[in-house]
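First comes the structure, then the notes that go with it.
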Amino acid sequence: MIEGVDSAIWNKHRDELIRYATMLVGPNDAEDLISTVVVRILRRQHLSDLDDARSYLYQSVLNEARSLVRRRRRRRVPQGFDVQPVELDPEVFAAVLKLPERQRAAVYLTYWRDLPIAEVARLMGCRPGSVKRYLHIARNRLREVFAHD
């Protein structure tokens, strides 16, 4: 159980991290992924010891999501996306889910969460130029998908 200052930090970021994980791995695995991340972090250190707990948590969620997707590919397990955001066109949602994890993360944080590029870069643990590159590639892929319709 998370206690004290760590509990306050966790409670502050929990919901946004679950939404982020849901976009990366689907609703069936999001909470398990978040639990894995938090347990790993707390085995080594307290959230309150981190300089930027929010950014560290986001980066850890992205890394764990990438690991989960790799394990699924090796075992050929389909992703569990049986729920989608209500306000989103099903075709757009399906196309975004087919993007690689880093591109999907950049699209989600930039367009769904409406965060500035610098904040997205900080949360993803990369440079703003990398986020712009992920978005550029993602937009091109999405254009290709919808140009064929």
Other residues, nucleotides, ligands: >12 heavy atoms within 6.0 Å of Arg44 CZ: yes
For the student: nearest non-hydrogen atoms of Leu42 and His46, plus distance: CD2-CA, 4.3 Å
Heavy-atom pair with the smallest gap, counting every atom of Ala30 and Ile18: CB-O, 4.1 Å
Side-chain touch Leu47/Val5, heavy atoms, less than 4.5 angstrom: no
Least distance between heavy atoms, Leu33 atom then Ala21 atom: CD2-CB, 4.0 Å
Non-hydrogen side-chain atoms of Leu57 and Ile41 separated by less than 4.5 Å: yes
Any side-chain heavy-atom pair of Leu17 and Trp10 under 4.5 Å: yes
Glu64/Arg40 salt bridge by N-O under 4.0 Å criterion: yes
Where at least one partner belongs to residues 9-19, residue pairs that pass salt bridge (Lys or Arg N to Asp or Glu O under 4.0 Å), sequence neighbours excluded: Arg14-Glu31, Glu16-Arg54
Minimal non-hydrogen separation, Val120 against Ala106, with atom names: CG1-CA, 4.3 Å
Can you list, pair by pair, the side-chain donor-acceptor contacts under 3.5 Å of residues 125-139, counting residues two or more places apart and other chains?
| residue | atom | partner | partner atom | Å |
| --- | --- | --- | --- | --- |
| His136 | NE2 | Asn140 | ND2 | 3.1 |
| Arg139 | NH1 | Tyr111 | OH | 2.7 |

Flag side-chain contact, heavy atom, 4.5 Å: Tyr56 against Asp51: no
Rounded distance (nearest 0.5 Å) linking atom NE2 of His13 with atom CD1 of Ile34: 12.0 Å
Closest heavy-atom pair and its distance - Glu101, Leu62: O-CD1, 4.1 Å
Trace of the side chain to side chain contact (heavy atoms under 4.5 Å, CB included) decision for Arg113 with Tyr20: CA-CA 9 Å; Arg113 297 292 311 282; Tyr20 182 54; 5.7 Å; no
Candidate pair Met124 and Tyr58, rule side chain to side chain contact (heavy atoms under 4.5 Å, CB included), full reasoning: CA-CA 6 Å; Met124 291 180 63; Tyr58 266 85; over 6 Å; no
Val96 side chain near Trp112 side chain, heavy-atom distance below 4.5 Å: yes
Leu123 versus Leu115, closest heavy-atom pair with distance: CD1-CD1, 3.6 Å
